[in-house]
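Sequence lines set the chain letters: A, B, ... in the order given, protein chains first and strands last, and positions in each chain run from 1.
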Amino acid sequence: MFRQTRSEVETALEAALEALDLPSEDLGIEEPPEDVAAVLASSAAFRLAGEVGAPPPAVAADIAAAIDPGDLTYVDSVEQRGPYVNFLPSDAYFGETLAAAQAEDYGQLPDRDTSVVVEHTSANPTGPVHVGRARNPIIGDALARVLDYAGYDVDRHYYVNDAGRQMAVFTWAYETFDEDDLPEPERDSPEYEMVRYYRKGNSFLEEADADRVEDAESEIRAILQGLEAGDEDAYERVGEVVDTVLGGMSETLGRLPAEFDEFVKETRFMRNDATEDLVDRLKALDQAVYEEDAWQLDLPGFEKNLVFLRSDGTSLYTTRDLAHHEWKFDTYDRAVTVLGEDHKLQADQLDTTLDLLGHDTDQLSQVFYSWVNLPEGGMSTREGTGIDLDDLLDESIDRAREEVESRIDTRSRDDDLDETDVERIAHQVGIGAVRYDIVSKQPTKGITFEWDRALDFEAQSAPYVQYVHARCCGIRSEAGHAVEEGKEREPDSTAGDLDAAPLATDAERDLLREIARFPAVIERAADEHRPHVVATYTRTLAEQFNTFYRECPVLDADPDTKRARLALVDAARHAIANALDAIGVAAPRSM
RNA sequence: GGGCGUGUGGCCUAGUGGACGAGGGCGAGGGGUUCCUAACCCCUCGAUCGCGGGUUCGAAUCCCGCCACGCCCGCCA
């Protein structure tokens, strides 16, 4: 009801200002701090004081007096407090929130009839996914989920750089070196086996004699030219390496879970002549220049030219990515790309060039994140430095399992967790902790990876929030409504004759108010492409629930209160479960 | 050198013009379970919001300068 209330307040405030003959373009609507009973407030009186010639509190009082709460559904009263106009929630606000949150899909906003493609990860298929890159799939997947909740029609894409020099080097190395000369793979998985060739190839190119390196380089060149010429054999050779490595990487990403609707290969835009067609149009632009045998763009606002066709007539990564984005414009209403901060300049150039080509680049946006580094420096697949995402997830699951096992004897709840439960919880908590740790921070902030900090299971972590969900399920279960893992989607018997009136304590009201905010949180996270605000919300909601849990017994309450509190617990459960789902963290039914 | 980003108690982090007299967490110290799961809760300790100017009735938030750190400035991807 928060969103509805907000628009109701907007309308009322606008009318009041007009009635007072005051400008109404700045309503100054904001959310008051926790210790204020209002749901919304306006600080417009600050700015209007000069115009009116009266101090802000007097103006606020006038505004408050000009609004008749009797005309409003979700506002009970309008009060002036200092320079603020406060809007206090009505019984209908609480009642309808309680009712709305009984829906299993609470927080899911209406369909917007707008398609959006979220491209994320898109790491070159050179080897195991390492932690330095792990922010990309986690932020990308969370963003896709949030957009989904916000009513967009979402596709998730992984753009595969399968036509670059790295893949040519990889293909040459794979065909050249013998497995007997390679170290044992770190894991029994294709990308771990394959990366050994890649590393061997790269060190050969750095260390071998000049003439041997030149021989290798000519083979690598031949592969690249084969791709450019549309040579089927070249595609097949590179494709084998790419598909094998990518298959292994997908398994790892799937553990997060981060899944994709499509793996879009850049060679696709070479084979279907889209790149060639694009190059023709680029050459025709006013900004196109032909210098030193290469076609370039003199982009306005950029220091250096952007080369889009090499002197040997081959295309570059950026050229193909332009064709790729033209395809996105054709296929989707909007496109979001999650990129490392090192791609900022390239993204700006891409944007500017697409604009020159006549595309509406307002439909295109990027989310940038900075790398996760180790205390001793960066991570590199080629050099084999860094921590594999698989190892991080395994370690986290192991620690979570130890945690569950160490608690099992002192648990006060008598639900007898069996082996399957322990394993389930270890996975939900272990992986959830890693995801939450990453998704809850602003992407632009740098992260230095430290095991103990990343895998803290206490306050301000996924387990803290997950525990609240488990508590909700525990109460439900005690009340005779068991929640099935995975599909906790049974109709609620208390729905229908809901009454929020018995929920009279501060703890209950505050919890309900927090639940009411959830759809607006989703909306904001989607609009601003900032999934981390959902993570922040889960924590606030969990804190509010814990206050309620401490102060308000549910099962032992009198029948009317019990019914209302059970409904409140369900409302909280849906908000928590869906908020966690929106950031891709599992909601365990027991812990 | 130029561009972009980041800078909030010892450490991590929220807040990005208005009730901030800055909210959490970790840490340190103290307390809480005959009661729906203590991965919890309560209390105490601890911050000139990097530094210096400016704009504003009002600045952690906007502008300018400086400092520190990160990233980028390829006919690589």
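- Across every strand in view, B:rU56 sits unpaired, with no contact that passes the Watson-Crick or G-U test at under 3.5 angstrom.
- Considering only side-chain N and O atoms, A:R310 lies under 4.0 angstrom from the phosphate OP1 or OP2 of B:rC76.
- Taking the P atoms as reference points, B:rU6 lies 23 Å from B:rG10, given to the whole Å.
- Using N1 to N3 plus N6-O4 or O6-N4 for Watson-Crick, or N1-O2 and O6-N3 for G-U wobble, each under 3.5 Å, B:rG1 pairs with B:rC73.
- Dashed line: the shortest gap from a side-chain N or O of A:K445 to OP1 or OP2 of B:rU13 is not under 4.0 Å.
- Residue A:R407 places at least one side-chain N or O under 4.0 Å from the OP1 or OP2 atom of B:rA39.
- A salt bridge links A:E395 with A:R399; the closest basic N to acidic carboxylate O contact falls under 4.0 Å.
- With respect to A:D506 and A:R513, no salt bridge is recorded, no charged nitrogen being found less than 4.0 Å from a carboxylate O.
- Using a 4.0 Å cut-off between charged nitrogen and carboxylate oxygen, A:E228 and A:R221 do not count as a salt-bridge pair.
- Distances shorter than 4.0 Å separate none of the side-chain N or O atoms of A:Y537 from OP1 or OP2 on B:rA14.
- Rounded to a whole angstrom, the distance from the C1' atom of B:rC36 to that of B:rG27 is 32 Å.
- Within a 6.0 Å radius of CZ in A:R6, other residues, nucleotides and ligands contribute more than 12 heavy atoms.
- Between A:R471 and B:rA38 there is a side-chain N or O to OP1 or OP2 distance below 4.0 Å.
- The phosphate of B:rA77 has OP1 or OP2 within less than 4.0 Å of a side-chain N or O from A:R320.
- Base pairing analysis places B:rU44 opposite B:rA28; the two distances defining the Watson-Crick or G-U wobble pair are each below 3.5 Å.
- Judged by distance alone, with hydrogens and angles left aside, A:Q460 brings a side-chain donor or acceptor within reach of the base of B:rG24, the pair sitting under 3.5 Å.
- The base of B:rC75 lies close enough to the side chain of A:S311 for a donor and an acceptor atom to sit less than 3.5 Å apart.
- Across all strands shown, B:rC35 forms no Watson-Crick or G-U wobble pair with both distances under 3.5 Å.
- Mapping A:I447 and A:D162 onto RNA chain B by nearest heavy atom places A:I447 at the nucleotide closer to the 5' end.
- Not one side-chain nitrogen or oxygen of A:Q346 sits closer than 4.0 Å to the OP1 or OP2 atom of B:rA77.
- A close approach under 4.0 Å does not occur between any side-chain nitrogen or oxygen of A:K441 and OP1 or OP2 of B:rA14.
- Map A:D342 and A:C552 each onto its nearest nucleotide of RNA chain B; the residue landing nearer the 5' end is A:C552.
- Counting non-hydrogen atoms under 4.0 angstrom, A:H532 reaches the backbone sugars and phosphates but no base.
- Between A:D312 and A:R310, none of the side-chain N atoms (NZ, or NE/NH1/NH2) sits under 4.0 Å from a carboxylate O, so this pair counts as no salt bridge.
- Using a 4.0 Å cut-off, some side-chain N or O of A:Y464 falls inside it from OP1 or OP2 of B:rC41.
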